[in-house]
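Below: the structure, in structure tokens.
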Amino acid sequence: MNETHEAPEAQDTDQAATYDVGAVETKWQRVWEDLQPFRADDDSPREKRYALTMFPYPSGDLHMGHAEVFALHDVVARYWWQRGYEVLNPMGFDSFGLPAENAAIRNDEHPDTYTRANIAKSIESCKKYAASFDWSRTFNTSDPTYYRWTQWLFLEFFKRGLAYRKNSPVNWCPVDQTVLANEQVVGGVCDRCGAEVTKKELTQWYFKITDYAQELLDGLDELEKTWPARVVTAQRNWIGRSEGAHVDFTIEGRDEPVTVYTTRPDTLFGATFMVVAADAALAGDLVTDEQREALEDYLLEVRKETEINRLSTDRPKTGVFLGVHATNPLTGTHIPVYAADYVLADYGTGAIMAVPGQDQRDWEFAQVFDLPVIRTVQPPADFDGDAFTGDGPAINSANDEIDLSGMGVAKAKSTTIAYLERQGLGRRTVNFRLRDWLLSRQRYWGAPIPIIHCSSCGEVPVPEDQLPVTLPMLRGADLKPKGTSPLGGAEEWVNVDCPTCGGPATRDTDTMDTFVDSSWYMFRYCSPHDDTQAFDSAKVDEWMPSNLYVGGVEHAVLHLLYGRFFTKVLNDMGLVHFREPWSAQLNQGFVINQGKKMSKSLGNGVDLGDQLGAFGVDAVRLTLVFAGPPEDDIDWANMSPDGSLRFLQRAWRLSGDVTSTPGADVSAGDPALRRTTARTVHDAGGLVEAYRFNVMVARVMELVNATRKAIDSGCGPADPAVREAVEAVAILLSLVAPYVAEEMWEKLGHEPTVARVGWPVVDEALLVEDSVTAVVQIQGKVRARLEVSPDITEADLEAAALGDEAVVRALDGKPVRKVIVKAPKLVNIVVEA
RNA sequence: GCCGGGUUGGCGGAAUGGCAGACGCGAUGGUCUCAAACACCAUUGUCCGAGAGGGCGUGUGGGUUCGAAUCCCACACCCGGCACCA
């Protein structure tokens, strides 16, 4: 039974014949290796398309998640090839990162050993999985030929003032022993290892992504049309634009005013105290000598709090009086200045005007410290809360020069800002939640930061002709995290001559966040082997922006924001000629099992290799594509890969039944089957373009069913319409199930590869039905169906409907009030109720 | 709290103003077989009915419309993002 492909005559009559999945996979993998059907040609005259999928971290072999994303992505890439585009569909590896480093410590080896082994395994699995990647363009970010250019880009950013060092409290992961970017702290814990993140004062490198905050936000308006809503929303929330004002407060005994940021300048009359972030330098500047000790005690308390506790909003308010007073610029009142941890040092100016009447947090603080509350917005009569944050008429808001009384919040805001600007006391301001991107990491397996620190010259860039700064050879225990970078231990590597003055100097010992590596990899694929530049701008112009980016939604505010930022900088540098790298995006869901995320601790993991062994590559791919809309999660427990395999066997069996010869004239073939084929091919294209792959598969299943019926009880296997239908099935299936499609194509008497034969040509005339079913409704309920000509007139259709026996019976003599006719599909008869 | 997405048979899902449940899974009955597997055929939202046929039905309640799963309003629940961000 398993050798059917070697005895075709025997099975042609056997309805239960099956093909040997394993043998077919081995056979075609070899053929494709020879043919290389998916090499992207830079010089092709065809229109170009760039299908990109997020490159994986090589943590081991491929798993179910990769299987899903590659299957979905491949439908589009293969579809584009069939439609005649030149398709760039590259794959590489994001190979710097912690797991390799941890494995190296465990196994007393170099991280590269682990990395290379996993990459080799993954490539082999991708090939078996029949993903249509162009392997001639592959690269790894941990290769010096790649990270040389990562370093070059860092230096370009540095030269433009977009990479800088500052001392600041940073997120510290006590387990991974490294700092983390804001984006990598989720709910107060490290998004990699789950440890509670603490704060640490360190001098670190940052990218000035905040310079691009407004543009990163504005760009989303256009991307919204082609990107998933959840990603656009997540980025908008993350950038967090707010509009308000800076207001200057004079401080007793100090020349410099303190500027606060507020979104509610209309409430300035109600500002009864001021709060400065306890950990901001400003707090230390303002505090009086009498209060200095109290502030320092308070700071110690604050630093003990974990990030998780600090984020909790129901925590009682704490703070300490700084011993100084500020002057409310509108009321002239002297208001006390406090330090508290509910004000953040790195948002706004690190200082706020507190308006307890209109802000719940300020209200709570005022209760604890017994501070006065002045309402400046009249709450509704039935209001029984604390602070009133809603809209309403201004009260208690007038002095000799300005009177807001009765104004709504919006009017009161603009009036106050105008006044402050006239008086030089403040100005309209836009503020962002987005912080600069902290890129230093105190770990080994990353791209070294190409800076040399010289006591007389400062931060000196490594000269371009000395790039790459390669990693010193460290292994095993040398890599153990000890709170400072392992690179610091390689003394010969660290100590160098200053490139500027020649004096003794040291290399920067931190490495870059691996998200730097992945922020520009999409450009590198356009000229992956160019050793003279990061990428060839002319080739990038040919291929980019990428037409589709498929990947996980977990990167909504990390990689996807960083990559957009890099593109904008590269555009400002004149290296690329667009400002968004990814025109369209598709996020696949997760593959889960029994309602839960797969995990080792739950023991509910599904091994991809086991599934491929049991059902074959095609059936697993088909199952993942057919499961539902691509962005939905797939619960593998609800799936039936054996059902998918049954369908593929059924489809394959058709190819053995066809008896007409290749190239037979189809024009005289069975018209009904020809119409079904034409309609299916026509609709399938639109469905793929709308990412509705599951429905596309359903339509192919219907075509297979119709063809089976035609062979067994219709026009018979010799009708050329049957050949036309089965050839269409093979081509459509080549997007999802490449092995069986190839096998069918061969059985139909053609040369490989079906993957590049082109989309089936549809005779437009066949898309016009010769009769349609018109539905007759009475009061919106279906009472009869009529077979009518598609070009029937409305009058004829109405007459036919009203004359129909079933309709007459259902009307039961009731008077007809109105008849709605939508020829040729529908008639709705409205009768007296 | 603010922002976004969702809720359709036993299950995954189709239908985006016009036949609710395409396609598939599962289930039940049958054909083939010594038997099973495979394959094939039939049935499969629910209620009433022998049947023909009919009633009800897309989270809940209202509305718009000749006609609503689809559009509008309110509510409930689920998922995701942001959150002591002033």
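Chain A is the first sequence line, chain B the second, and so forth, proteins listed ahead of strands; every chain is numbered from 1. All values reported here derive from a predicted model rather than from experimental measurement.
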>> Could you check B/G29 for me: syn (within 90° of 0) or anti?
In response: anti

> Mind checking who B/C11 pairs with, Watson-Crick or G-U wobble, both distances under 3.5 Å?
Replying inline: B/G24

>> Quick check: closest heavy atoms across A/Y347 and A/S242, and the distance to 0.1 Å?
In response: OH-OG, 3.4 Å

> NA contact type, A/N431, heavy-atom cut-off 4.0 Å: base, sugar-phosphate, or nothing?
Replying inline: nothing

> Does the B/C66 base have a donor-acceptor partner in the side chain of A/N828 within less than 3.5 Å?
Replying inline: yes

> Under 4.0 angstrom, heavy atoms only, what part of the nucleic acid is A/E702 near: base, sugar-phosphate, or nothing?
Replying inline: sugar-phosphate

> Using the C1' atom in both, what is the distance from B/U7 to B/U58, to the nearest Å?
Replying inline: 10 Å

> Where the side chain of A/V782 is defined as all heavy atoms beyond and including C-beta, which of B/A20, B/G5, B/A22 is the nearest nucleotide?
Replying inline: B/A20

>> Tell me whether the side-chain N/O atoms of A/R650 come closer than 4.0 Å to OP1 or OP2 in B/C38.
In response: no

> Given B/A22, B/C66, B/A86, which nucleotide is nearest the side-chain atoms of A/D359?
Replying inline: B/A86

>> Quick check: any donor-acceptor pair below 3.5 Å linking the side-chain of A/Q777 to the base of B/G18?
In response: yes

>> Taking pairing as Watson-Crick or G-U wobble with both contacts under 3.5 Å, can you name the mate of B/G57, or confirm there isn't one?
In response: none

> Taking the side chain of A/K781 as heavy atoms from C-beta outward, which of B/G18, B/A86, B/C56 is closest to it?
Replying inline: B/C56

> Is a donor on one side and an acceptor on the other found under 3.5 Å between the side chain of A/D633 and the backbone of A/F590?
Replying inline: yes

>> Which heavy atom of A/A387 sits nearest to which heavy atom of A/Q358, and what is that distance?
In response: CB-C, 3.9 Å

> Mind checking the C1' distance from B/G61 to B/C77? Whole angstroms is fine.
Replying inline: 15 Å

> Is the centre of the A/F365 ring less than 6.0 Å from the centre of the A/Y338 ring?
Replying inline: yes

>> Between A/R236 and B/C2, is there a contact of a side-chain N or O with OP1 or OP2 at under 4.0 Å?
In response: no

> Can a salt bridge be assigned to the pair A/D683 and A/R679 using a cut-off of 4.0 Å between side-chain N and carboxylate O?
Replying inline: yes

>> Rounded at 0.5 Å granularity, tell me how far CD in A/Q184 sits from CG in A/L558.
In response: 6.5 Å

>> Does B/G26 have OP1 or OP2 under 4.0 Å away from a side-chain N or O of A/R646?
In response: yes

>> Roughly how many Å apart are B/G57 and B/C23, using the P atom of each and rounding to a whole number?
In response: 25 Å

> Within the structure shown, what part of the strands sits under 4.0 Å from A/P228 by heavy-atom distance: base, sugar-phosphate, or nothing?
Replying inline: nothing

> Between B/A86, B/A39, B/A14, which nucleotide gets closest to the side-chain atoms of A/V695?
Replying inline: B/A14

> Which nucleotide in the list B/C66, B/C84, B/C19 gets nearest to the side chain of A/V775?
Replying inline: B/C19

> Say you pick atom P in B/G29 and the same atom in B/A68; how far apart are they, in whole Å?
Replying inline: 40 Å

> Now, which nucleotide makes the Watson-Crick or G-U wobble pair with B/A39, with each of the two distances under 3.5 Å?
Replying inline: B/U31

>> Let's test this: given Watson-Crick or G-U wobble pairing with both distances under 3.5 Å, identify the partner of B/C2.
In response: B/G81

>> Nearest to the side chain of A/F626, heavy atoms from C-beta on, is which of B/A86, B/G12, B/C66?
In response: B/G12

> Nearest of B/G4, B/C82, B/C19 to any side-chain atom of A/T233?
Replying inline: B/G4

> OP1 or OP2 of B/A86 sitting under 4.0 Å from any side-chain N/O of A/Y347?
Replying inline: yes

> Given the C1' atoms of B/U70 and B/G63, what is the spacing between them in whole Å?
Replying inline: 15 Å

> Checking all strands, does A/N705 fall into the base, sugar-phosphate, or nothing category for heavy-atom contacts under 4.0 angstrom?
Replying inline: sugar-phosphate

>> For a quick check of understanding: with a heavy-atom distance under 4.0 Å over all strands, which category does A/S242 fall into, base, sugar-phosphate or nothing?
In response: sugar-phosphate

> Does B/G49 pair with anything, Watson-Crick or G-U wobble, both distances under 3.5 Å, and if so, with which nucleotide?
Replying inline: none

> How would you label the contact of A/N694 with the nucleic acid (heavy atoms, under 4.0 Å): base, sugar-phosphate, or nothing?
Replying inline: sugar-phosphate

> Base, sugar-phosphate, or nothing: which does A/A234 touch, judged by heavy atoms less than 4.0 Å apart?
Replying inline: sugar-phosphate

> How is A/N638 classified with respect to the nucleic acid when contacts are heavy atoms under 4.0 Å: base, sugar-phosphate, or nothing?
Replying inline: sugar-phosphate

> Is there a side-chain polar atom (N or O) of A/K825 under 4.0 Å from OP1 or OP2 of B/G18?
Replying inline: no

> Okay, side chain of A/Q594, backbone of A/N604: is any donor-acceptor separation there less than 3.5 Å?
Replying inline: no

>> Can you check the distance between B/C25 and B/C19, where both ends of the measurement are the P atom (answer in whole Å)?
In response: 26 Å

>> Measuring from the side chain of A/T263 (C-beta onward, heavy atoms only), which nucleotide among B/G81, B/A86, B/G18 has the closest atom?
In response: B/A86

>> Regarding A/D657 and A/R708, does a basic nitrogen lie under 4.0 Å from an acidic carboxylate oxygen?
In response: yes

>> Taking the minimum atom-to-atom distance to the side chain of A/A229, which one of B/G4, B/C84, B/C66 wins?
In response: B/G4

> Given that both distances must come in under 3.5 Å, which nucleotide forms a Watson-Crick or G-U wobble pair with B/A68?
Replying inline: none

> Considering every strand shown, what is the Watson-Crick or G-U wobble mate of B/A86 when both distances are under 3.5 Å?
Replying inline: none

> Given B/A83, is OP1 or OP2 found less than 4.0 Å from the side-chain N or O atoms of A/R433?
Replying inline: yes

>> Counting the atoms with a prime plus P, OP1 and OP2 as sugar-phosphate, which does A/R783 contact under 4.0 Å by heavy atoms, base, sugar-phosphate, or nothing?
In response: sugar-phosphate

>> Just verifying a value: how many Å separate A/D359 CG and A/T262 OG1, rounded to the nearest 0.5 Å?
In response: 8.5 Å

>> So A/M639, base contact, sugar-phosphate only, or nothing? Heavy-atom distance under 4.0 Å.
In response: sugar-phosphate

>> Check the phosphate of B/C38 against A/T18, side-chain N and O only, distance under 4.0 Å to OP1 or OP2. Yes or no?
In response: no

